[in-house]
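Taking it in order: structure first as C-alpha cells, then the write-up.
Order of listing sets the numbers, starting from 1, for every ligand and every atom in it. These values consider heavy atoms only, across backbone and side chains, with no hydrogens, waters or symmetry-generated copies.
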Amino acid sequence: MKITSVKSHVLQYDMAEELGYSQQFYAKRSAHLVEVTTDEGITGWGECFGPGNVAIANKGIVERVIQPMVLGDDPLDRDVIWHKVYNLLRDHGQMGMPMQSLSGVDIALWDIAGKVAGMPLHKLIGGAHRSRVKAYGYGMMLKRESVLDHAARFRDEAAAIREKGFAAAKMKVGLGPREDVELCKAVRQGVGDGFRFMVDANHCYTTSDAFYVGRALEELGAYWFEEPVAPEDLDGYRELRAGLKVNIAGGEAEFNRWRWRQILENRGLDIAQPEVCAIGGISEYLRILALSHAHFTPVINHVWGSAIAMATNLQLLAAMPSLPGGMFPWEPLLEFDTTENKFRDDLLDDPLNVQQQVKSSNGYVEVPQGPGIGAEPDLDFLKHYEIDV
Ligand code: CA
C-alpha cells in the first residue's frame, strides 16, 4: 500500500458570541483535519491542534513540508514515517507547529492501520481497559464583563454542568489573582459541596500569584489547578506541587518524549495532560503515556477540537491501563468543552452524541467500536465549512 496524498482541511465559522481564556478572546471556531489517501482506496483521518491562523499555517506544513517526505511510503510503516519526518524537521521545529502538523498525519496513519486490520484503534493498541469513560465538562469561559457578572454567570454555569450529568466541572480564570479567587468561590457554590471542580489558568500567573490562588483552591477543595504558570517554568511547577495540597495539572503545551522526560523527572505534575493532536500524534502519545506511568504520574488527556479528536481520545482513554490498578482503580476522565461547537457535534456521518450520552448514562461516554479511530466525517459538511487558504 502507498500514500497517494496528504491533504489538510481547515474548517471555520463565526461563533454566535465571543469566548475567552486568560490569554485572549476568540470569535471564530476552527478545526484542522488531515486526510491521508492511499492507492488501495483506504482513507485515514487525523486532526492537528491549533486554531485560526495557526491552523492555516499548519496546513502549509502538512501539505508542503510533510506530504513530499511521505508520498509513496507504505502508510502502515507509521513509526518509520514518524521518525523520518521528525528527523528531517529536527533542525526546524522539535516542538510547536511542526509537531502539531506531524500529529494530524500520524493520527491518520493509525486510522488507516485500524481500517486495514478491521479493528478499532483501542484493539490495535492492546485492548480496552474500559468500554466507557466518564466525562467532565468545561465551560465558564471569560467574557468582556465585570467580576461580579462573571461570578454570577460562573455559579449558574457550574450548576448547569453538574445538572447535565458531567462527573466534574472545569472553569477558566485569568482576571487577576484576587478576582479569580472570587470566581472559584462562586463555582464551589454553584456545584455544591463534594462535587469535583477544576481551575484552568492557561499559564497566566507568576509563581507567587499561583500560590495565592492555589491556597484558596485548597480551602475550596478544588480537584486540580491546571497550567498555573508558564510551561517553561519547571521550577515554578516543582515549587507549587511541593507547596500546595491541590493537584497540579498541565502539559497541553508540551511536545515530544524528550521534553516530557524533563517534565516528569522535574516532579512538578500530579496529573499529566498530553494533547495527542499536538504532542506528535498517537505514536508519540503512547511513548509519553508509558513514560508518565513509569514515573507513576496519572494521565488525563487534554482534549480540544472536532469529533475526530474526540473519537481519537476516547480510543486512547479506553486503551490506557489503570495506574497502579486495583478493584476500584483511579480512572481517567474525558475532557469535554460544553460551549457550542458544530465541528464536534455535527461533523460525523454517525455523531458521537457525547452530551446525550452523559445525560442518559450518569456521565459516561461509550468508546467508538468502528475500525480505526471510529469516526468518518460527512464530506458535504466538511466542504461547507472548509475555508480556502
Ligand atoms: Ca487547559
Side-chain angles (χ1 to χ4, degrees), residues 19-26 29-31 47-52 54-55 95-96 99-100 103 135-143 154 157-158 161 166-175 177 180 183-184 187 196-205 209-210 213-214 217 222-234 236-237 240-241 244 246-255 259-260 263 268-279 285 288 292 297-306 309-310 312-313 316-317 332-339 341 344 354:
L19 294 172
Y21 60 105
S22 68
Q23 303 299 321
Q24 63 182 332
F25 291 102
Y26 57 96
R29 182 72 72 191
S30 47
E47 180 159 356
C48 304
F49 181 75
V54 173
M95 303 200 283
M99 289 299 275
Q100 294 171 347
S103 299
Y136 77 85
Y138 96 73
M140 296 168 275
M141 312 292 291
L142 304 183
K143 292 189 183 173
F154 276 27
E157 273 191 48
I161 287 171
F166 287 100
K170 190 167 87 183
M171 62 184 290
K172 294 295 188 189
V173 287
L175 302 180
D180 292 342
L183 304 189
C184 297
V187 168
R196 280 180 172 179
F197 82 98
M198 296 81 91
V199 178
D200 189 358
N202 293 98
H203 49 76
C204 69
Y205 298 133
D209 284 347
V213 174
L217 296 184
Y223 182 43
W224 77 61
F225 189 10
E226 179 169 328
E227 288 202 292
V229 293
E232 302 92 323
D233 186 8
L234 294 184
Y237 265 101
L240 288 163
R241 182 174 182 235
L244 291 173
V246 63
N247 288 311
I248 302 296
E252 69 184 84
E254 298 290 358
F255 304 85
R259 174 69 183 167
W260 273 92
I263 292 161
L269 286 181
D270 291 291
I271 294 166
Q273 298 175 298
E275 165 54 69
V276 66
C277 300
I279 203 171
Y285 168 90
I288 287 161
S292 298
T297 302
V299 173
I300 295 186
N301 299 0
H302 177 261
V303 183
W304 181 91
S306 83
M310 184 66 57
T312 303
N313 276 287
L316 295 176
L317 289 167
L333 294 164
L334 173 71
E335 176 168 11
F336 186 85
D337 174 357
T338 61
T339 63
N341 185 345
R344 182 194 58 219
V354 172

key: His302 versus Glu275, side-chain donor and acceptor atoms under 3.5 Å   = yes
request  = Assess Glu226: does it contribute an N, O or S atom lying under 3.0 Å from the Ca ion (ligand 1)?
outcome  = yes
inquiry  = My understanding is that only residues two or more places apart in sequence, or in another chain, count here; which of them pass salt bridge (Lys or Arg N to Asp or Glu O under 4.0 Å) with Arg29?
reply    = Asp337
message = Has Asp270 got a side-chain atom pairing as donor or acceptor with Ile248's backbone, closer than 3.5 angstrom?
response = yes
query = What N, O or S atom of Glu252 is found closest to the Ca ion (ligand 1)?
reply = OE1
request  = Measure from the Ca ion (ligand 1) to every N/O/S atom of Asp200 and report the name of the nearest one.
outcome  = OD2
key: Atom of Trp260, atom of Leu269 and distance for their closest heavy-atom approach   = CZ3-CD1, 4.1 Å
